[in-house]
Amino acid sequence: MTSPASEGQRKLKLLAVTACPTGIAHTYMAAEKLAQAAAALGIEMKVETQGSIGAENVLSDNDVKEADGVIVAADKDVVLDRFVGKKVLSVPVADGIHRPEQLIEQVRSAPVHTGGHGAPGGGGAGGAGGGKERSAAYKALMNGVSHMIPFVVVGGLLLAVSIALGGHTTPKGIVFEKDSFWFYVNTLGTLGFKLMLPIFSGYIAFALGDRPALVPGMIGGFLAADAVNIYGADANAGFLGAIATGFLAGYLVLGIRKVRVPKFVQPIMPIIVIPIVSTLALGLFYIYVLGQPISWVFTHLTSWLNGMTGSSAIVLGALIGLMIAFDMGGPVNKTAFLVAVGLIGTNNAVMGMAAAAIPVMPLGQGLATLLRRKLYSDQERETGIAALFMGFFGISEGAIPFAAARPAQVIPANMLGGAVAGAVAGVAGVTDSVPHGGPIVSLFGAVGGAAMFFLAIAIGTAVTALTTNALIDLKERKARRGGAEVASLVPEPALAGVAVGSAAGGGAGGVPAGEGAASADSVSASEVLSGYLTARTVKVQLASRDKEAAIREMAEMLASTGNVRDVDELVRVALAREAQGTTGLGEEIAIPHAKTDAVSAPTVGFARSAEGIEWGSLDGTRAKLIFMISVPEAAAGDEHLRILALLSRKLMDTEFRGRLAGAADSADEGAVLGVLGEIR
C-alpha cells in the first residue's frame, strides 16, 4: 500500500470518532489503533472518543474545517451534521481495531457527507449488509419502546387508581362523576395513553431519520392510535400500526434527504421542507391507502364474528380470546370487544369471555418477568410489575411494550393465553354485564360465575407467562448455538447496566475538549488500581474452560473482597451484556463488565487462561487475558471508567500484552500486578 502521508504538497489531516454501545473497551481500543496506524504512516490524526465518561478529545470547528476526511468507527448513533462537506467513512468499531490502515486508505475516496443522521456501521468495508440494516431497524424499534414505556406506566397506573377509587359500574362501562377529583385523574391517565403510540411511532422515526422525522412519525402515530376520532375511520390500527408509521416516516425522510436540491433550499430542508413533505405524504398515504384495508378488516371481522355467536361456547371463547390478545387496541382486538359489548343485555356470556381474556396479556407478561428474572433486564422487570397492576384493572395496554419489543415471542404467547382464558370462561358460562374486563369488574359485582372467571384468568395468565419465557429461551439458545448476538427489550447499554456517553461533538453530557484526558492523567493509575484491582482479585490461571464458567469464577473471586452482595446477580448482568455482543475484543483479550447493585463498590479482577477461552472475539482468537469490571448502579465518580479507558488503550501495545501474559506465576500475584502498574 502506498503511503498516503501527503495529499498534494500538504500533509494529510484526518479525524476519527470511535464509539461502541457501552462506551468502554472497544471505543478506546479503536482510537488507539487508528492513532498508531496514522503515526506509522506519517499522517496527522485527531481521534474523538465517545465513551461512558463522555466525549474526550472533542473535535473543534477548526479541526473539522482543516480535515481531509473523517473515519467514524462506531456501533451506535454518531451525529454527523458537523461533518457536512467532508469525506466521511462510517464503519463498525471493530474495523477501527482490526483494519486501521485500510480505513485510512479508504477514507480518501469516501463519499462527501451531505447531512443527516449517522448510520452506525452502515458504510465502508465490512459495514454493509443485511445484518447491519436489521440492527439499525432493531435499534429504532427499541428507541420507540424505551420512550413509550413511561407513558404506558404513568397512564396505566393513573387509570388503574382512578378506576379503583373513583369508578362506578354502569351498563355503559366504568364512569366517573363529572368534574370530580377522580374524573380528572382518569383524564390524565387517558391523556398518557393517547400519547403512548404517537411517542412510540415518533421515536422509531427519529432513530432512523433524526429530527425531521419526528413530526411525521408522531402524526402517523396519532393516526394509528385514534383515526376513528381524527377523520372518522372505521377502526384504529393500534400499536402494530404505530410500528408501521414509525418506520415509514423514518425511511421516507431518509429518501427525501437523497433528493438533490439547489443550494439556497438546503438550509430550510431539515426544518421546513422535509417535515412538511414527509408529514403530508405519510398522513395522506395512511388515510387513503392504509386506512382502507384496516377498515375492510374491521368490517369483515365484525360480520364474521357476529355469525359465530351461535357456535360452541369453547370455540367462540377461544376465538374471542385470540382476537382480544392479538393487537391490544387494533382492529382485531376492537372487533372482538365491540361485538361482545353489543351483545350485553342479550348474551352477557360473550362479554364474559372477553373480560376474562382482557387482563391476560399484561398479567402474563408481568408474571413472566417474575418467573424467569434472568431473561429480563432491570427495566423490563420494573415494567412487568406495572403490567401486573394494570392487568388487575383490565388495562391490556400494559403488555404493549413487551409485544412491541419481542413481537415474535410475545404476541403468540398472548394469543394462546387469551384463547385459553376465553375458552374456559365460555365453557363455564361466565357472564359480564359491563363493557370492561379484568378482576376489577368482578369486585364491582358485574360478573356472574366469579370463581370460574378468576380461574380462567389465572390459567390464561400462566399459559402466557410460561409460553413467553419458553419462546424467549428458545430464541436465545438458538442464537448462542449459532454464535449470533441476542436482541433485548431495552437499548444495549441499559441491559448491561453500563451508561452510554451522550456527547457527539461535546454535546450534553460530554466532556469538553482535552478535559477528560487531563482528568484521566491526573489520576494515579497505581493508586486507583490498588483500590479496584488487588492481589485478591488476580488469578494467574483460571480453572474454567468456557465463558460462562469463567465469568462465574471471576465473580466469585471478586466476592472475596466483600464488595459483591449477590454473585448470581452479578453473573446474570455480565452474561446479559455478553448476550448483546461479545466482550471478546480480539488480540486474546476479553473484558466482561457489569453495572449492578449486586456490588457495593467498584471492583476489578484479572485472570489468565493458558489454553484460552472461546469468547466469540471478532478476530477468532481465544481469550487468554481477561479483565472483569463490576461497578454499582450509583457508582460515585467515574475513575473506574477512566482506568478502563487507559487499560483498553494499553492493551493495544503488543509488548505490554506479552509482558502481562508472561509474568511469572507467584503466590501473591505480585509479578502480574507489577506489569499492570505500568498503566499510566
Side-chain angles (χ1 to χ4, degrees), residues 145 148-169 172-176 182-197 199-200 225-226 236 238-239 242 321 323-330 332-334 336-338 340-341 351 354-369 380 382-404 410-411 414 417-418 421-422 432 434-444 446-447 453-454 456-458 460-461 464-465:
V145 170
M148 171 181 65
I149 284 175
F151 291 86
V152 176
V153 173
V154 172
L157 295 185
L158 288 178
L159 286 176
V161 170
S162 65
I163 289 170
L165 301 178
H168 306 284
T169 58
K172 294 183 179 180
I174 296 176
V175 299
F176 300 84
W182 294 115
F183 172 84
Y184 290 121
V185 172
N186 184 266
T187 299
L188 291 174
T190 301
L191 286 174
F193 265 13
K194 281 187 176 180
L195 288 170
M196 173 179 64
L197 295 186
I199 292 293
F200 181 38
D226 203 19
N236 299 320
F239 87 95
M323 295 173 69
I324 287 289
F326 175 66
D327 54 1
M328 288 162 286
V332 177
N333 167 282
K334 197 61 67 179
F337 181 74
L338 292 180
V341 170
M351 190 64 225
I358 284 170
V360 162
M361 298 82 78
L363 290 176
Q365 296 307 317
L367 179 61
T369 65
E380 288 178 287
E382 291 168 5
T383 305
I385 296 299
L388 286 170
F389 195 69
M390 284 184 262
F392 181 82
F393 292 93
I395 302 170
S396 60
E397 287 86 350
I400 286 180
F402 298 94
V410 171
I411 292 178
N414 283 348
D432 180 14
V434 299
H436 198 76
I440 187 68
V441 295
S442 179
L443 299 184
F444 281 145
V447 170
F453 176 65
F454 279 102
I457 292 173
T461 297
T464 290

If we ignore hydrogens and angles and just use 3.5 Å, is the side chain of Asp432 paired with the main-chain N or O of Val434 as donor and acceptor? yes

Got a second to check how far Asp327's CG is from Lys334's NZ, nearest 0.5 Å? 9.5 Å

Would you say that Phe454 contacts Val447 through its side chain, given a criterion of any heavy-atom pair below 4.5 Å between the two side chains? no

When rounded to the nearest 0.5 angstrom, what distance separates CD in Glu380 from CD1 in Ile149? 8.0 Å

Looking at every non-hydrogen atom in both residues, tell me the closest pair between Gly460 and Val360 and how far apart they are. O-CG1, 3.5 Å

Using the side chain to side chain contact (heavy atoms under 4.5 Å, CB included) rule, take Phe326 and Asn333 through it: C-alpha gap first, then chi angles, then the decisive distance, then the call. CA-CA 6 Å; Phe326 175 66; Asn333 167 282; over 6 Å; no

How many angstroms lie between atom CZ of Phe151 and atom CD1 of Ile199, to the nearest 0.5 angstrom? 4.0 Å

Minimum heavy-atom separation for Ala325 to Asn414, with atom names? CB-O, 3.2 Å

To the closest 0.5 Å, what do you measure between CE (Met323) and CZ (Phe337)? 13.0 Å

Just wondering, do Ile324 and Ser396 contact through their side chains at under 4.5 Å, heavy atoms? no

Tightest non-hydrogen contact, residues Leu157 and Ala386, listed as CD2-O, 4.3 Å

Within the structure provided, determine whether Val152 and Met390 are in side-chain contact (heavy-atom separation under 4.5 Å). yes

Before you tell me yes or no, could you show the steps for Glu397 and Met328 under side chain to side chain contact (heavy atoms under 4.5 Å, CB included), namely the whole-Å CA-CA distance, both residues' side-chain angles and the distance that decides it to 0.1 Å? CA-CA 6 Å; Glu397 287 86 350; Met328 288 162 286; 5.5 Å; no

Roughly how far apart are Phe239 CZ and Ile400 CD1, rounded to 0.5 Å? 6.5 Å

Which atom pair, heavy atoms only, marks the closest approach of Ala465 to Ala368? CB-N, 3.7 Å

I need the Thr187 OG1 to Leu159 CG distance, nearest 0.5 Å. 9.5 Å

Given the rule in the side chain to side chain contact (heavy atoms under 4.5 Å, CB included) test, do Phe402 and Thr383 qualify, once you have shown the distances and angles that lead to the verdict? CA-CA 9 Å; Phe402 298 94; Thr383 305; 3.9 Å; yes

Is the closest side-chain heavy-atom distance between Thr464 and Gln365 below 4.5 Å? yes

Under the side chain to side chain contact (heavy atoms under 4.5 Å, CB included) criterion, do Phe444 and Ile163 qualify, and how do the steps go? CA-CA 10 Å; Phe444 281 145; Ile163 289 170; 4.1 Å; yes

Closest non-hydrogen atom pair between Ala164 and Phe393, with its separation: CB-CE2, 3.2 Å

Nearest non-hydrogen partners of Val185 and Leu158, listed with the distance: CG1-O, 3.7 Å

When you measure from the side chain of Thr369 to the backbone N and O of Gly366, does any donor-acceptor pair fall under 3.5 Å? yes

